[in-house]
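Below: one structure, written as structure tokens.
Order of the sequence lines fixes the chain letters, A, B, ..., with proteins taken first and strands second; residue numbering starts at 1 for each chain. Worth saying up front: this structure is predicted, and the values here are computed from it rather than measured.
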Amino acid sequence: MTEPSKVSPLSVPQHQPAAGGIAARARAASGPRYLDGLNPEQREAVETLEGPVLVLAGAGTGKTRVLTTRIAHILSQGRARPNEILSVTFTNKAAREMKTRLGQMLGHAVEGMQWLGTFHSIGGRILRFHAEMAQLKSNFTVLDVDDQVRLLKQLLQAEDIDDKRWPARMLAGLIDGWKNRGLGPSQVPPGEAAIFANGKGGKLYASYQERLKILNAADFGDLLLENIRIFREHPDVLRQYQQRFKFILVDEYQDTNVAQYLWLRLLAQAPSNSSSLPGLTRQSIGSSQDGSPGLDASRRPGDDEQSVTDGEKEKSTPPAKNICCVGDDDQSIYGWRGAEVDNILRFEHDFPGAKVIRLERNYRSTGHILSAASYLIAHNEGRLGKTLRTEDVDGEKVTVTGSWDSEEEARAIGEEIEELQRKGEKLNEIAILVRASYQMREFEDRFVTLGLPYRVIGGPRFYERAEIRDALAYLRVISSPADDLAFERIVNVPKRGLGDATVQLLHDHARKRRIPLFEAARAVVETDELKPKARGSLRDLVAQFDRWRAQSEVTAHTELAEVVLDESGYTEMWQKDRSADAAGRLDNLKELVRSMEEFENLQGFLEHIALVMDRDGEAEDEAVSLMTLHSAKGLEFDNVFLPGWEEGLFPSQRTLDEQGRAGLEEERRLAHVGLTRARRRAKLYFATNRRIHGTWATTIPSRFLDELPPASVEITESKGGSGWGGAGGYGPSRFDNVESFGSSYTTPGWQRAQARRGRSNEGQKRGGFDEDQSPFSGSRSDASSRGDFGFSRNKRGPLTIEGELVAKSTGTVSEFSLDDRVFHQKFGYGHVVKIDGNKLTIAFDKAGEKKVVDSFVERA
DNA sequence: GACATCTGGGTTTTT
DNA sequence: CCCAGATGTC
């Protein structure tokens with residue numbers, strides 16, 4: 001099919017700016033209540049309903065408010081009904097928040113907003129309606145990463161490919177990447193398809209897709225990719241959605257990947273009657289002409305040359321209707337998983353006639369924090385440019401604290417938190433944001449010792465936990481007997497004596513007769529191919545499932561779940577498990593059953609589970625939040641601690657190596673995100689020594705520290721007591737004579753990285769200011785004197801803090817005695833070896849000796 | 001087939 | 001350093 005590339009600017013905007021403006025002003029006097037308190041830019045973003053709109057919303061500028069108010073506006077103006085508004089977010093959390101806030105604004109629950117959700121949930125929804133067009137049934141299963149890998153492993157085995165040399169995980173990553181870029185098996189550039197398993201990559205991708213259809217399953221990428229294909233192959237279907245969605249709103253537009261972009265583009269085109277108009281040329285998705293080189297490969301962040309696609313795209317840009325994308329190019333931090341900052345940078349090209357509105361007034365942070373964040377991000381080149389301003393006071397300066405090692409860093413932060421607490425700060429308003437999740441452990445250890453309540457945000461997703469997936473697998477097999485992956489997962493969990501050999505036999509049978517594993521099991525039981533023990537065991541299992549399936553017709557699904565977990569022996573398996581987290585797993589299972597109550601039936605529950613399950617119901621107790629920078633996006637706290645600002649860790653060496661300059665910029669945006677989470681206090685830390693992969697390494701302060709405005713930064717001494725501190729109040733800087741630590745680097749951090757990066761990208765360009773203005777340059781103690789500090793100078797924290805803790809907990813005398821057997825949520829079982837007030841020293845069976853406040857353990 | 005031990009590999013971020 | 005997967009042993 002030829003591309004009708006001459007549809008050019010069909011005079012896009014229907015709106016008359018002048019009239020609209022007047023109308024807006026007229027309304028202002030007596031305007032609806034929900035518009036009250038919006039600043040002019042926000043208001044414009046809300047009221048510009050016609051044509052494409054890009055709202056560049058810096059951190060803390062009221063982005064969510066604009067989005068929700070806009071929806072409220074559309075509804076109250078009667079411009080569309082709730083189910084005619086497509087509103088997409090990235091995370092379930094964001095979707096939920098929008099729903100909540102919309103409900104508050106409209107004063108009633110937001111029924112009917114069926115199209116408010118994540119890209120994936122909406123894509124999944126659409127796909128279920130047209131499943132047969134993708135050779136699926138409407139009750140298809142959404143596979144998680146684990147299932148994917150398992151499936152790929154089987155394919156690799158079938159192809160006789162060494163799973164070691166070519167890990168299934170890697171292939172899963174590749175396929176995911178292709179799907180993120182909107183590429184089906186036939187469209188993967190040959191060069192790329194060849195890099196896996198000596199050229200078999202593309203073929204494997206194709207057979208993977210085939211297998212998915214047979215299993216009636218789709219992976220995350222398919223939820224969008226199949227939509228796109230359906231839209232392109234069935235213009236009538238596409239038109240149906242184009243007509244339905246009168247307004248489209250997109251949150252976090254900077255995080256969209258190519259597939260999401262294409263999906264949006266299709267939906268955002270004005271419905272055309274000439275069905276010969278698939279529009280969309282960006283990279284000829286789904287066109288049967290196979291992938292010519294240059295399809296897409298060019299579009300990686302960091303490659304700046306793609307003027308070819310650019311020109312071509314522009315010619316055929318179809319008219320776009322009322323799409324409003326909200327985002328912040330400075331907060332694009334998901335490039336590594338396929339997000340294209342480019343999407344937002346090129347919005348005006350992609351949607352001609354677009355109105356761009358900048359929200360630059362920040363309502364969150366103090367002056368110093370904002371200036372630090374702005375100054376830092378100004379070092380990036382690829383940005384649309386925004387200048388955040390605030391009318392808030394300057395507030396406290398951003399502090400930078402160096403410490404000897406990561407342990408001391410944790411200690412220092414722990415003490416500062418206690419100090420803040422004494423000043424009356426709420427623990428809920430304190431967060432520690434780390435670059436990598438392994439940094440969290442040290443803080444957890446420290447807080448456990450201090451008895452400081454904390455909670456980890458993000459962590460392993462609820463539905464990714466083994467026990468949840470196991471439980472779900474049982475339910476999946478009940479609901480769809482053909483779900484081989486689910487069956488395989490639980491066939492021997494708990495142990496039933498059905499090992500690899502048995503499963504292999506079932507596979508053979510299933511393949512020979514082209515039946516699902518479960519049916520194969522039923523058949524095999526009737527033969528004598530299995531040893532009596534396995535045979536009996538398998539027969540019982542089949543019988544059990546038959547029974548459950550029958551029961552599912554008459555029993556409530558929550559009750560069924562309980563019965564299944566019970567009768568299968570699954571619950572018992574964990575009850576017998578003595579490991580530390582068994583109790584938590586049982587809790588999770590209960591939580592799972594409880595969460596099922598929200599759904600009508602098992603089917604409904606399973607359909608939504610993979611997409612919607614994330615950890616809800618976090619306890620609302622006062623606690624410090626601990627999370628990665630990535631999961632902090634969208635959150636805000638009065639006090640934010642940012643540890644680990646060291647070269648290699650932050651910016652991450654790996655990102656630098658793999659993505660070069662683009663990676664550095666993304667890391668810098670991550671730093672910017674971190675800083676802008678803070679309302680009143682931002683505290684940065686770096687350690688001189690850090691354990692990486694088990695061995696100690698000397699590190700140098702992050703280049704990002706040098707990119708902060710001196711006037712807004714204060715270098716402080718480590719409250720942990722040791723570390724730097726000494727001479728003249730100066731902290732270390734990248735100009736440290738690092739040689740004395742055995743490092744071969746004599747140049748500043750960024751220079752070193754520059755040298756390393758040379759191959760992948762053009763050299764580093766500096767913007768901004770002179771090195772000498774760095775807050776870290778200038779006089780300071782020389783390196784050799786530093787070794788003296790170590791831990792010895794540490795006078796330990798003020799005793800008053802401990803006193804408080806004692807008073808707060810059960811009393812001065814512990815209820816435990818020496819040698820008592822105890823259980824701890826995190827460390828498991830152990831016995832008491834020392835008692836000091838309410839502080840116990842416990843020798844844990846697995847975790848070794850730890851000091852723990854007694855309220856954290858219970859008698860075993 | 002189940003369990004113990006070993007080795008090698010990977011350690012960012014996630015719908 | 002820690003984990004998962006693979007191998008080896010009973």
What's the closest nucleotide to the side chain of A:Asn492 if the choices are B:dT12, B:dA2, C:dC2? B:dA2
Spacing of A:Tyr438 atom OH relative to B:dT13 atom C1', expressed in whole Å: 12 Å
Taking atom P in both C:dA6 and B:dT11, compute the distance separating them and give it to the nearest angstrom. 16 Å
Rounded to the nearest angstrom, tell me the gap between atom CD in A:Glu252 and atom P in B:dT14. 14 Å
Give a yes/no on whether any side-chain N or O of A:Thr502 is located under 4.0 angstrom from OP1 or OP2 of B:dG1. yes
Can you measure A:Arg150 atom CZ to C:dA4 atom P for me and round it to whole angstrom units? 14 Å
For A:Leu642 and B:dT12, what is the distance between atoms CG and P respectively, to the nearest whole Å? 20 Å
Residue whose nearest DNA chain B nucleotide is more 5′ - A:Ser437 or A:Val503: A:Val503
Any side-chain N or O of A:Arg337 less than 4.0 Å from the OP1 or OP2 oxygen of B:dT15? no
Counting side-chain heavy atoms from C-beta on, which of B:dT12, B:dT13, B:dT15 comes nearest to A:Thr91? B:dT15
Name the nucleic acid region contacted by A:Ala501, choosing base, sugar-phosphate or nothing; use a 4.0 angstrom heavy-atom cut-off, strictly under. sugar-phosphate
Interatomic distance, A:Leu635 CG vs B:dT13 P [rounded to whole Å]: 16 Å
I want to check one thing: is the phosphate of B:dT14, taken as OP1 and OP2, less than 4.0 Å away from some side-chain N or O of A:Asn180? no
Using atom CD of A:Glu442 as one end and atom P of C:dC1 as the other, report the distance to the nearest whole Å. 12 Å
Selection from B:dT12, B:dT13, B:dT15 that lies nearest to any side-chain heavy atom of A:Thr655: B:dT12
Cation over ring, A:Arg337 on A:Tyr334, under 6.0 Å and within 45°? yes
A:Trp115 ring centre to A:Arg125 NZ or CZ under 6.0 Å, with the angle to the axis within 45°? yes
Gap between atoms CG and C1', on A:Asp251 and B:dT15 respectively (whole Å): 14 Å
Looking at every strand, decide which applies to A:Lys533 at a 4.0 Å heavy-atom threshold: base, sugar-phosphate, or nothing. nothing
Would you state whether a donor and an acceptor, one from the side chain of A:Ser652 and one from the base of B:dT13, lie under 3.5 Å apart? no
Are A:Tyr334 and the base of B:dT13 stacked, counting only ring centres nearer than 5.5 Å and planes tilted under 30°? no
Which pairs pass ring pair (Phe, Tyr, Trp, His ring centres under 6.0 Å) with one or both residues in residues 139-160 of chain A, sequence neighbours excluded? none
Between A:Leu670 and A:Leu498, name the one whose nearest nucleotide on DNA chain B is closer to the 5' end. A:Leu498
Can you identify which nucleotide, out of B:dG1, B:dT15, B:dT14, has its nearest atom closest to the A:Ser631 side chain? B:dT14
Round to the nearest Å and state the distance from A:Ile122 atom CD1 to B:dT15 atom P. 16 Å
From C-beta outward on A:Phe220, which listed nucleotide comes closest to its side chain: B:dT12, C:dC1, B:dT15? B:dT15
Is A:Arg654 near enough to B:dT12 that one of its side-chain N or O atoms lies under 4.0 angstrom from OP1 or OP2? yes
Between A:Tyr253 and A:Phe90, is there a side-chain heavy-atom distance shorter than 4.5 Å? no
Do A:Trp263 and A:Phe119 make the cut of ring centroids closer than 6.0 angstrom? yes
Only one of A:Glu647, A:Glu409, A:Glu407 passes salt bridge (Lys or Arg N to Asp or Glu O under 4.0 Å) with A:Arg690; say which it is. A:Glu409
